[in-house]
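Order of appearance sets the numbers: ligands from 1, and atoms from 1 within every ligand. All residue numbers in this chain count up from 1 along the given sequence. Since we're looking at a predicted model, the values are computed, not measured.
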Amino acid sequence: MLPGVTTLREPLTRALGPRTAKLLESAFDMATVSDLLRHYPRRYYTRGELTDLSSLREGDHVTVLARIDHVSLHPMAHGGPNKRGEVIITDDRAKLMLTFFFRSTRSLFSIRQLKPGLVGMFAGTVSSFRGRLQLIHPEYELLPGAPPNADLTPELAAEFAAELIPVYPASAKASSWVISKSIKTVLDTVDVGEDPLPADLRERYGLYGRAEAIRAIHRPLDWADRKRAVDRLKWDEAFLLQAALAQRRMAAAALPAMPRPHVDGGIADEFDAQLPFTLTEGQVAVGETIATDLACAYPMHRLLQGEVGSGKTVIAIRAMLQVVDAGGQAALLAPTEVLAQQHYRSVTAMLGPLAQRGQLGGAEHATGVALLTGSVSAGARRSALSDVFTGDAGIVIGTHALLEDRVQFGDLGLVVIDEQHRFGVEQRDALRAKAADNRPHVLVMTATPIPRTVAMTVYGDLETSTLTELPAGRSAIATHVVPAADKPHFLERAWARVREEVERGRQAYVVCPRIGDGPDPDESEYAGQDDFSDMEPTTVDLSHGVPRSVTNVGRRQPLSVLDVAATLDAGPLSGLRLGILHGRLHPEEKDRVMRAFAAAEIDVLVATTVIEVGVDVPNATVMVIMDAERFGVSQLHQLRGRVGRGRAPGLCLLVSEALPDTPARERLDAVAATLDGFQLSRLDLEQRREGDVLGAAQAGRRSSLRLLQLLKDEDLIGQARGEATEVIAADPDLARHPALREAIEELLGVQAEYLDKT
Ligand code: ADP
Ligand code: MG
């Protein structure tokens, strides 16, 4: 390596010295030059719009060129250790005050560089304090090369600063200035190496080279320059990820797997013959695709996504039976105990004698069905483990208990993962590893529809099938927002509706965000996020239909299952048979409650989101969701999918104290307005950070997406996928694209096994 030349992999300690490197590491977890250069500006300010100090007006957003005149530090009147830093700047005609507040003298980072005599540009919004104009915590860029007594003309600024001045995401420890300076240092010496994007691709899409793009995002000449940098860097993100996924797909397809072709006259055929309903066209088509996949000599890796209630389970069962007929075993992994037990019950019920291997009344060619969850008794577990090992259990259903080491299959041919959003890639791999040859067929099913680009990115190593239609005869679900704060009598009416339904022999769910009484283990994407521990407990009085706490909207704790059940029992729903279901119940109790509800021995089930995924009780027709704004859009859609499963129409009431015209209320209105899960999943994604979406799927990797937006960059992601697939097809181990190979490893931070194998 040439002296003075930096590479992307070089540690920051060597490139910047230990002090700055340590600062950047503790503030942003940066270790290498590449990490630093991927810390992109959050915005830019424009030198072209310099404002005279004498013409400032309150409220204006301005950038001024000035010299530092005076710096001083003041205690705050009642601030304890808090301090106020005052920096007076001047352009020789007028003066302006810059104000910085500090918690203590130790956190002076943001003004440490500001010394009298230095020239810089300062940007912020003009405010006034006791009649004096000021900028509070302005962004600034010093022009350290400018002579102290230079004339403060725009030409001077032009000489020392770029047209667009980057503003970096900063922290209390590392100011935008420190980052800016570090990046400047690195940019001057870095050699970014060979471009990972193939030259012909760059040419066809008119993309900047890598070096140019990195320079231009940090030091853009103008907005057009900056846009081309972003376009190119987005391509890096999309293309590298898609190339890695394409490799994974290729590697999977290149490995042999045991074909499990359809056997005529087997259990699968008998199962079809006794199905109580006709399969939808979509179910038939997807079923055929899967049947063909399973008959192949390489493993199926398929994602089945579909609308809530579209009938994914029956597709999974048919696939499992095909494998059983072909002599193999199938495992069904469910995210919750409740769901695993429900699957077990419905599979054994649907199969009847076909699932009673070796039992009296069992069919001659029957198979066995084993259940493995954390709560199965020791004796039952021993016998289940033995059946799994010998192959007597053709179908094995369970929770993550299936992943334990002691679970050994005789011949695992198919893994079905239900409601994938609860599982990460690691679990998928752990279960796959249980097949003797490591290559079972895999079917992943999502709980709710997801946007195309998310499927392409998060599940990009899987082929995708989609079920859009619901089985015929399914009644619609009507959804209404019940505004508990502005229209209290609506809630009274809601409980009356629940009573009416129960009088007609129907059943209802009441869903609450919390269990109540102690810490809450039920994970719910939104409800679990906040820490409510410092909030005052709620007294709920629903007897008149109005939560008493309307006065402290947003401050009270979310409603809990225990409180709501007690209040309903004593008031609006007294006399009805109420049941309680949540994650802290003993598993046996959970199972007992679900059975009782399924058998209609419970009228109203008050529950947390444990019922969110997959619970199927067709006689339940009403769902009341309390504090509905606490839940995510897709989660609400998933929840309401629990009603309207039978012949009677479903009703979902979203009870919320969110006031009209608030974002929370608008989300609820959106859920009420459409039953299209794909549309809602887009909305959900728009309201979350991409990292949250990718989080589970990319666990263990640092999120590789900085600029790419899954919804907005749909076209680019599609193109990148096509291009990447072609490159990988022609050069699977990237022998001819060493820079690309290296970049994939570096970007994803994984020494991916599929790269090593090939
Ligand atoms: P999801 O796709 O949300 O997992 P399920 O597989 O739980 O949906 O199916 C919902 C309900 O629809 C179940 O009671 C199932 O038996 C029923 N079902 C599935 N397919 C059909 C069909 N073709 N016709 C009628 N009912 C069906
Ligand atoms: Mg399901």
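Contacts of Met445 with ligand 1, taken as heavy-atom pairs under 4.0 Å, are absent altogether.
Ligand 1 has no nitrogen or oxygen under 3.5 angstrom from a nitrogen or oxygen of Arg642.
Atoms of ligand 1 lying under 4.0 Å from any heavy atom of Thr278, numbered from 1 in the order shown and given with element: 22 (C), 23 (N), 24 (N). Near Thr280, meaning under 4.0 Å from any of its heavy atoms, are these atoms of ligand 1: 23 (N). Close approach of ligand 1 to Leu279 is summarised as follows: ligand atoms under 4.0 Å from at least one heavy atom of the residue are 23 (N). Taking a cut-off of under 4.0 Å to the non-hydrogen atoms of Val308, the atoms of ligand 1 that pass are 3 (O). The Thr313 neighbourhood of ligand 1 comprises atoms 4 (O), 5 (P), 6 (O), 7 (O), with distances under 4.0 Å to a heavy atom of that residue.
Salt bridge Arg381/Glu404: absent, no basic N to carboxylate O contact under 4.0 Å. The pair Asp591-Arg345 counts as a salt bridge, with a side-chain nitrogen and a carboxylate oxygen less than 4.0 angstrom apart.
Counting heavy atoms from C-beta on, the side chains of Val622 and Arg506 never come closer than 4.5 Å. Side-chain contact between Leu559 and Arg514: absent, with no pair of heavy atoms (C-beta onward) separated by less than 4.5 Å.
Of the possible polar contacts, one joining the Asp603 side chain to the Arg577 backbone as a donor-acceptor pair under 3.5 Å is found. At least one donor-acceptor pair under 3.5 Å links the side chain of Gln329 to the backbone N or O of Gly410. Side-chain N or O atoms of Glu469 include none that pairs as donor or acceptor with a backbone N or O of Thr280 at under 3.5 Å.
Distances from atom 9 (O) of ligand 1 to the heavy atoms of Ser346, Ser310, Gly311 put Gly311 nearest.
Under a 4.0 angstrom heavy-atom cut-off, Gly309 registers as being in contact with ligand 1.
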